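These numbers come from the heavy atoms of this one structure, side chains and all, not from hydrogens, waters or symmetry mates. Owing to the predicted nature of the structure, the values given are computational and were not obtained by experimental measurement. Below, chains carry the letters A, B, ... as their sequence lines are ordered, and counting in each starts from 1.
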2 protein chains.
Amino acid sequence: MAATIVATHERATAAERILRAAVVLFRERGYHGSSMRTLARALRMEAASLYYHFRSKQEILFAILDHTLDDLLAGVGRAVASADGPEARLRAAVRFHVLFHTDSQHEAFLSHSELRSLTQGNLRLVLTRRDEYERVFRGLLASGVRAGVFQVADVRLTAMAILTMCTGVATWFADGGRLSPEAIADRYVEMIMKSVKR
Amino acid sequence: MAATIVATHERATAAERILRAAVVLFRERGYHGSSMRTLARALRMEAASLYYHFRSKQEILFAILDHTLDDLLAGVGRAVASADGPEARLRAAVRFHVLFHTDSQHEAFLSHSELRSLTQGNLRLVLTRRDEYERVFRGLLASGVRAGVFQVADVRLTAMAILTMCTGVATWFADGGRLSPEAIADRYVEMIMKSVKR
DNA sequence: TACCGTACCTAACGTACGTTCGTTATGTAA
DNA sequence: TTACATAACGAACGTACGTTAGGTACGGTA
């Protein structure tokens, strides 16, 4: 499945452990609601020690979002390449998108909710690549329309609707809840295909 | 249309002006990223003066979310009552939901993004009523399924998908952008109806 | 054995936070 | 004129913030 920020199994480096703890903390209390001291406490360190691994709190947030975008772009690329034809490709892309938002739920959530906590320069870097990600979905829809298999009134709007719908999964999904990630992905794929098919 | 927190036209009371400025500020920088001094500056007051109108910063956030839920519940009630039959009712509810998220964009955004900044007691109050709102949509879907006009694999999941999709509008909608609120609402209604119809 | 980089520590810096206090100016009713 | 309510003020409280400086223990390498 989608790679998380770090390999979960091997012995993680200190920087990786910090990023993972920060993801959980930022998700729970938000970037501005989390302090370096709280983050350090979760790692049984002192706040000052964090500065050996990261230059600033902002750099930690940016690293999280940057790695998450790496995974998103690589994952959707793999998904699209694994299928043929607009319909199968959109299915694969949507499926990946949903599964990413359950597997890397917290990272994915932060990638949307904490954009406003980025400095201007970091925000630009993140937004550029997020646009790239969105363009993939617009492209899939457009080629399906050209091929005559999809019927959508507005490609841009539909892409946005699909993405925000799946992105929303990260806000309510609960591990061990009623539905498995696979079941959710399957149903989301069906709903979306039904609504875009000619 | 959906009532905003305060009447926009008449002379607003100080408390109303504070809430409106807080909505904009919290939306831009988040609750924890906004200080009472910054909020006061936006209103050309001193931070201390805010405490004449509100007991605490938390009370300001809660007031915003509480009023927003008032408007949401009242609005969806009106929408549903204005139509007959599961299909027309769902159309009306979705339409209202989308328009609320363009008209009261910032309030709506905060109602989702700043839940985690509420104290435990305030969170409980808000969540209880948000559940009530969600139940309306589940009820509409379920009665459509019973009537044989809808076909959905999982009512709960579909309701969640619909709501988060429309809620997402508040994250990207831009006043004066390419599409009017009405156009967005119309298209969202069509996409959703297409995906739930038998 | 001497040294060096790694990974942490304690202590402190200056700043900003939410909030409280006592005070003041203005308007209104008795 | 007195009395009170309203709505604001400046100053200060104690606490917490992000960050920096300087020091220490340790494991490996020359």
Side-chain angles (χ1 to χ4, degrees), chain A residues 5-6 10-66 110 114-123, chain B residues 5-6 10-66 110 114-123:
Chain A
I5 281 183
V6 294
E10 327 162 30
R11 196 162 353 274
T13 69
E16 287 166 343
R17 286 189 305 116
I18 291 171
L19 287 183
R20 262 193 291 185
V23 165
V24 173
L25 192 66
F26 291 173
R27 162 71 198 243
E28 266 168 21
R29 329 223 241 210
Y31 175 76
H32 287 298
S34 309
S35 75
M36 294 297 270
R37 285 168 176 85
T38 310
L39 176 57
R41 201 174 308 127
L43 292 155
R44 298 170 191 286
M45 309 179 128
E46 291 302 313
S49 307
L50 296 171
Y51 287 83
Y52 178 76
H53 303 280
F54 293 95
R55 255 193 294 275
S56 66
K57 187 185 174 187
Q58 172 72 202
E59 194 178 86
I60 294 176
L61 176 63
F62 178 69
I64 293 169
L65 269 53
D66 197 43
L110 292 180
E114 293 299 348
L115 288 179
R116 64 179 165 198
S117 303
L118 288 171
T119 56
Q120 218 170 11
N122 285 342
L123 177 62
Chain B
I5 280 185
V6 294
E10 328 161 30
R11 187 147 20 261
T13 69
E16 288 166 342
R17 286 190 303 115
I18 290 170
L19 286 183
R20 262 193 290 188
V23 164
V24 174
L25 192 65
F26 291 173
R27 162 72 198 243
E28 266 169 20
R29 327 221 235 209
Y31 176 75
H32 287 298
S34 309
S35 75
M36 293 297 271
R37 284 170 177 85
T38 311
L39 176 57
R41 201 174 308 126
L43 292 154
R44 298 169 194 284
M45 318 176 123
E46 290 303 312
S49 309
L50 296 170
Y51 287 83
Y52 179 77
H53 303 280
F54 293 93
R55 253 193 294 275
S56 65
K57 187 184 174 188
Q58 172 72 203
E59 194 177 86
I60 293 176
L61 176 62
F62 179 69
I64 292 169
L65 269 51
D66 198 42
L110 292 179
E114 293 299 348
L115 289 179
R116 63 177 166 201
S117 303
L118 288 172
T119 56
Q120 218 171 9
N122 285 342
L123 178 61

Tabulated below should be each protein N or O lying under 3.5 Å from an N or O of nucleotides 3-8 of chain D; please produce it.
{"residue": "D:dA8", "atom": "OP2", "partner": "B:H53", "partner atom": "NE2", "Å": "2.7"}

Using nucleotides 19-22 of chain C, report all nitrogen or oxygen pairs with the protein that are shorter than 3.5 Å.
{"residue": "C:dT19", "atom": "OP2", "partner": "B:Y51", "partner atom": "OH", "Å": "2.6"}
{"residue": "C:dT19", "atom": "OP2", "partner": "B:K57", "partner atom": "N", "Å": "2.9"}
{"residue": "C:dT19", "atom": "O5'", "partner": "B:Y51", "partner atom": "OH", "Å": "3.2"}
{"residue": "C:dT19", "atom": "O4", "partner": "B:R37", "partner atom": "NH2", "Å": "3.4"}

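Side chains of A:E46 and A:S49: no donor on one and acceptor on the other come within 3.5 Å.
To the nearest 0.5 Å, atom CZ of residue A:F62 and atom CG of residue A:L123 are 10.0 Å apart. Rounded to the nearest 0.5 angstrom, A:K57 NZ and A:S117 OG are separated by 8.0 Å.
Protein atom CD of B:E59 is 14 Å distant from nucleotide atom C1' of C:dG18, rounded to whole Å. Regarding B:R29, its CZ atom lies at a distance of 9 Å from the P atom of C:dC17, rounded to whole Å. Atom C1' of nucleotide D:dT20 and atom CZ of A:F54 are separated by 18 Å, given to the nearest angstrom. As a whole-Å value, the separation of B:L50 CG from C:dC17 P is 13 Å.
Remark: the backbone N or O of A:Q58 is paired with a side-chain donor or acceptor of A:Y31 at under 3.5 angstrom.
Looking at residues two or more places apart in sequence or on another chain, you find a side-chain contact (heavy atoms from CB on, under 4.5 Å) between B:S34 and B:L25, B:F26, B:R29.
Using a 4.0 Å cut-off, no side-chain N or O of A:S35 falls inside it from OP1 or OP2 of D:dA16.
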